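Okay, so here's the structure we're looking at.
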Amino acid sequence: MKQNNVEQEFISLLEENQNLIHKICRLYTDEESAHKDLFQEISIQLWKAYPSFRGESKFTTWAYRIGLNTAISLFRKKNRQITTTSYNPIIHHFEYQEYNEEEEQQLKLMYQALHQLNDIDKALVFMYLENKTYEEIADTLGISEVNARVKMNRIKSKLKKILNP
């Protein structure tokens, strides 16, 4: 019975925070099939790591770290193809909501500009846009708070040049 409670707790947290995973997928993929594959892979990696989640940080901070690390490690491969982990029946109980790209049309130019950034810079901007504090960003990315601020200022300048040539 205890295992079932853990599964329900995880599924509930995943459902509440799936937009976070969709946004990570949107940053690192261009096609819907790749988006779905990455979403599934992040969900699986979150489930595999869930027993180690001790609640010392917010679930979202923990999920950001795993989601971003999964996306970055998968897309650093030269061929940039996602190799997924075998299907886990627990994720089957999770209600997947389609990502509505129409709602994100006004961000399309920003996403195109973000795709020109390196993986770490993308992650930093993503968390910044999610109103994460520099302390949370630094903790998630494993850098100092000062470094996060400096990097963000440089990224802002770079994005201004990309969006306003």
Side-chain angles (χ1 to χ4, degrees), residues 6-53 58-132 136-137 140-142 151-152 155-156 158-165:
V6 171
E7 291 172 13
Q8 288 300 85
E9 181 180 291
F10 174 76
I11 290 168
S12 175
L13 286 168
L14 193 59
E15 284 178 342
E16 289 171 20
N17 295 285
Q18 70 177 300
N19 282 340
L20 151 87
I21 299 169
H22 279 302
K23 290 175 183 176
I24 292 170
C25 295
R26 180 73 168 99
L27 276 175
Y28 291 94
T29 63
D30 291 325
E31 300 171 1
E32 187 174 341
S33 63
H35 179 104
K36 286 183 177 183
D37 287 345
L38 181 57
F39 186 95
Q40 179 180 339
E41 186 63 23
I42 291 172
S43 299
I44 290 168
Q45 295 305 320
L46 286 168
W47 171 246
K48 287 167 106 178
Y50 191 65
S52 68
F53 177 63
K58 293 181 197 173
F59 178 82
T60 54
T61 301
W62 177 80
Y64 273 122
R65 179 172 283 189
I66 291 177
L68 290 169
N69 285 340
T70 300
I72 289 168
S73 66
L74 287 173
F75 286 96
R76 279 199 173 154
K77 293 181 179 178
K78 194 173 193 173
N79 62 6
R80 298 212 178 240
Q81 291 181 355
I82 297 175
T83 50
T84 58
T85 307
S86 61
Y87 175 73
N88 187 321
I90 291 169
I91 302 299
H92 179 68
H93 299 294
F94 170 73
E95 183 180 329
Y96 178 86
Q97 296 174 358
E98 288 295 323
Y99 183 74
N100 187 345
E101 192 161 341
E102 290 177 19
E103 294 174 3
E104 299 292 330
Q105 284 300 322
Q106 58 185 278
L107 296 175
K108 198 166 197 158
L109 283 175
M110 179 60 89
Y111 278 117
Q112 288 172 350
L114 290 173
H115 280 284
Q116 296 179 40
L117 300 176
N118 70 44
D119 292 338
I120 301 300
D121 289 353
K122 284 181 195 177
L124 202 152
V125 169
F126 171 64
M127 288 186 284
Y128 180 83
L129 292 174
E130 288 291 306
N131 294 320
K132 297 297 174 191
E136 290 173 307
I137 293 169
T140 302
L141 295 179
K151 282 179 146 315
M152 192 63 229
I155 294 167
K156 285 178 184 177
K158 187 184 287 186
L159 287 173
K160 283 179 186 173
K161 287 179 183 175
I162 292 170
L163 293 170
N164 300 311

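Heavy atoms only: backbone and side chains are in, while hydrogens, waters and symmetry mates are out. Treat the numbers as computed from the prediction; the structure is a model and nothing was measured.
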*Does the pair L68 and D119 meet the rule for a side chain to side chain contact (heavy atoms under 4.5 Å, CB included), with working shown?*
CA-CA 9 Å; L68 290 169; D119 292 338; over 6 Å; no
_Using side chain to side chain contact (heavy atoms under 4.5 Å, CB included), reason through F10 and L46 one step at a time and then give a plain yes or no._
CA-CA 9 Å; F10 174 76; L46 286 168; 3.9 Å; yes
*Would you check, one step at a time, whether the test side chain to side chain contact (heavy atoms under 4.5 Å, CB included) holds for K132 with T140?*
CA-CA 10 Å; K132 297 297 174 191; T140 302; over 6 Å; no
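The shortest side-chain heavy-atom distance between D121 and K158 falls under the 4.5 Å cut-off. Counting only heavy atoms from C-beta outward, the side chains of M152 and V125 approach each other to under 4.5 Å. Contact check for I66 versus W47: no side-chain heavy atoms found under the 4.5 Å cut-off. With contacts defined as side-chain heavy-atom distances shorter than 4.5 Å, the pair I44/T70 does not qualify. Counting heavy atoms from C-beta outward, I21 and L38 have side chains that stay 4.5 Å or more apart.
Atom CG of L20 is separated from atom CE of M127 by 10.0 Å, given to the nearest 0.5 angstrom. Distance NE2/H115 to OH/Y28: 10.0 Å, rounded to 0.5 Å. Taking NE2 from H22 and CD1 from I42, the interatomic distance works out to 10.5 Å, rounded to the nearest 0.5 Å. Interatomic distance, L13 CG to Q18 CD, rounded to the nearest 0.5 Å: 12.5 Å. Rounding to the nearest 0.5 Å gives a distance of 8.5 Å between NZ of K151 and CG of L141.
Using cut-offs of 30° and 60° on the angle between ring planes, the pair F126 and Y64 is perpendicular.
Residue F53 qualifies as enclosed at atom CZ: its count of foreign heavy atoms under 6.0 Å is above 12. Enclosure of atom NZ in K156 by more than 12 non-hydrogen atoms of other residues, nucleotides or ligands within 6.0 angstrom is indicated.
The two residues K58 and E136 have their closest heavy-atom pair at NZ-OE2, 3.3 Å. For the residue pair I24 and G67, the shortest heavy atom distance occurs at CG2-O, 3.9 Å. Nearest heavy atoms, L117 versus K122: O-CE, 3.3 Å.
Q8 and S12 are not linked by any side-chain donor-acceptor pair at a separation below 3.5 angstrom, with hydrogens and angles left out of the test.
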